[in-house]
Amino acid sequence: MSIGLAMRAAAAALLVAFLVAPQAFTFAFAPFAEGGAPAIYQQADMLDLALNHLALVAAAVGAATLLAVGLAILVTRPFGAEFLPLSRAIANIGQTFPPIAVLALTVPTLGFGAGPTLFALFLYGLLPIFENALTGLSTLRPAVREAALGVGMDAWQRLTRVELPLAAPTILAGVRLSVVISIATATIGSTVGASTLGEVIIAGLLSNNLAFILQGGLVVGAMAVLVSDGLTQLERLNGARPRGFRRGAPTGAGAPQGGRQGQGH
Amino acid sequence: MIEIDAVTKVYGEATVVDAVTATVPSGSVAAIVGTSGSGKSTLLRMINRLVDPTSGAVRIDGRDTREEPPHVLRRRIGYVIQGNGLFPHRTVAQNIATVPVLLDWDKRRIAARVDELLELFQLDPAEFRGRMPHELSGGQQQRVGVARGLAAGPNILLMDEPFGALDPIIRAKAQDDLAAIQKRLGTTIVLVTHDMEEAIGLGDAIGVMDEGRLLQFAPPEEIIARPASPFVERLVGAADRPFRLLSLARCGDLAGPSAASGPAIDADTSARDALADLLWSARDAAPVARDGVIVGSVTREALEAKAAGPR
């Protein structure tokens with residue numbers, strides 16, 4: 001566990017160091033730059049590109065989460081059950097339609113820049129979140145559902161106090177999946193003028209510079225791994241509060257959360 | 001008082017509950033017995049409107065249950081289900097506090113109430129408040145489930161096979177505890193079970209259901225002695241009848257003045273256990289003690305007379 005933590009910290013430190021001072025890594029990439037070509041991409045600030053990249057992903061997945069969870073909530077209510085096939089279809093189409101085709105189709109209406117990429121990532125991110133939210137919300141133990149009704153919770157209270165908290169780990173897993181996919185996919189946004197790390201890769205492809213392709217790819221890969229890792233930790237924290245508990249009190253004495261009596265929420 | 005007035009529930013073609021009428025007086029325990037699919041759970045769930053009757057009405061203390069929104073009604077009625085249905089993401093204290101929180105009690109009152117209930121159910125508050133449901137044994141979960149049902153001090157407690165998931169020894173203890181707490185709080189209880197023994201042990205009145213109809217609704221003695229139909233008789237178990245009758249009597253009530261020797265039997269022991277004791281120790285009579293003082297003796301003859309059915 002501590003080795004894993006150390007490796008994570010080292011990878012994060014390396015990534016940040018590269019983004020802040022890419023020139024310091026010239027030695028590593030110079031062997032891949034042929035014929036005196038620059039070893040480090042300099043047309044734009046690397047840190048800016050990375051932050052724009054992440055912001056784009058965050059905005060797209062954030063919007064996809066809102067819509068997907070909203071739809072999942074809707075179709076698991078009695079009045080919304082009819083919309084299940086339609087919602088599934090929307091989420092499936094979003095996933096199967098190639099993002100590059102979405103870019104091509106949306107550029108005429110949204111123009112060059114971040115817009116088409118945002119839209120493509122949003123569509124692409126819907127399905128994993130929707131399917132996971134649906135699973136989380138529809139696999140509630142019948143006894144728990146019955147108890148929530150029986151104690152006199154209204155529909156909103158059942159949703160916010162019982163269903164969503166219990167489905168949260170599953171929903172979060174879907175969000176993580178979408179984030180990872182989107183971090184990788186966002187690179188193609190640079191073909192239509194979005195400011196992402198794809199710019200570095202594309203510059204490398206155009207000028208036949210392997211060093212650019214490598215550094216673009218590595219940064220995107222490292223970000224995807226680290227973000228996924230961080231979200232996994234979050235899931236564990238959220239889903240395993242009960243389990244972590246037992247670990248915390250192996251002697252069976254004094255429950256660590258003993259002070260939290262009665263405060264329902 | 002719960003008045004169930006010609007209540008019927010129809011799902012499509014099937015009549016699950018068929019024109020059931022019964023009255024459960026305040027402070028009493030009604031046990032509904034029947035095989036699975038007899039409609040007993042549906043009948044119970046119509047009292048707190050988890051199921052709405054197709055026709056008929058349910059009145060609580062004279063008020064029709066349809067006069068208020070179902071979720072408001074349910075906060076006044078405790079509800080305990082099989083497998084307890086505790087919220088797995090909430091601590092024991094939060095589970096018990098569910099209804100008081102819904103009713104907007106203030107924090108201090110809720111905390112005090114939670115501790116009071118934990119103590120009532122013999123769970124040390126300091127130890128159990130912060131535990132999660134999965135860290136409890138089955139018996140402890142069941143007690144927390146009942147504590148949650150009683151948290152807001154409801155007049156009525158509905159229980160659907162509350163002891164179904166417990167092993168026999170813990171079940172007997174849980175039944176005794178429930179009987180004691182019911183006596184202390186005076187709560188009206190409607191309990192659904194498929195176990196006639198449990199119904200006889202806990203019920204002031206027993207309702208027997210079959211195919212949606214309430215075949216008989218009467219005190220246990222009458223159900224045993226004068227079953228209204230062959231089905232009721234079968235459910236009581238013809239061979240068990242004398243012993244079931246005995247289990248309803250305390251041996252203290254059957255004690256006479258004659259002298260007897262050997263170890264004394266406590267006056268609160270059921271007549272059935274007293275007879276078992278006499279048979280096992282091969283005695284014709286045994287002294288009966290109340291609070292350690294001999295108050296008389298009980299004879300095998302008196303017990304056998306008690307076990308005889310009507311003729």
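In what follows, chains are A, B, ... by sequence order, proteins preceding strands, each numbered from 1.
More than 12 heavy atoms of other residues, nucleotides or ligands lie within 6.0 Å of CZ in B:Phe87, so this atom counts as buried by the packing criterion. Within 6.0 Å of CD on A:Glu82 lie no more than 12 heavy atoms contributed by other residues, nucleotides or ligands.
Considering only heavy-atom pairs separated by less than 4.5 Å from chain A, the leading option among B:Gly78, B:Pro69, B:Gly85 is B:Gly85.
Within residues 126-156 of chain A, the residues having any heavy atom less than 4.5 Å from a heavy atom of chain B are, in residue-number order, A:Arg141, A:Ala143, A:Val144, A:Glu146, A:Ala147, A:Ala148, A:Leu149, A:Gly150, A:Val151, A:Gly152, A:Met153, A:Asp154. Scanning residues 151-160 of chain B against chain A with a 4.5 Å heavy-atom cutoff picks out nothing at all.
Sorted by first and then second residue, the salt bridge (charged side-chain N to carboxylate O under 4.0 Å, His left out) pairs involving residues 144-153 of chain B (not counting sequence neighbours) form an empty list.
Only the side chain of B:Arg45 comes within contact range of chain A, with at least one heavy atom under 4.5 Å from a heavy atom of that chain. With a 4.5 Å cut-off on non-hydrogen atoms, B:Leu86 touches chain A through its backbone but not through its side chain.
Applying the salt bridge (charged side-chain N to carboxylate O under 4.0 Å, His left out) test to A:Arg158 and every residue at least two apart in sequence or in another chain returns nothing.
Side-chain atoms of B:Leu102 and A:Arg161, non-hydrogen and from C-beta on, do get closer than 4.5 Å to each other.
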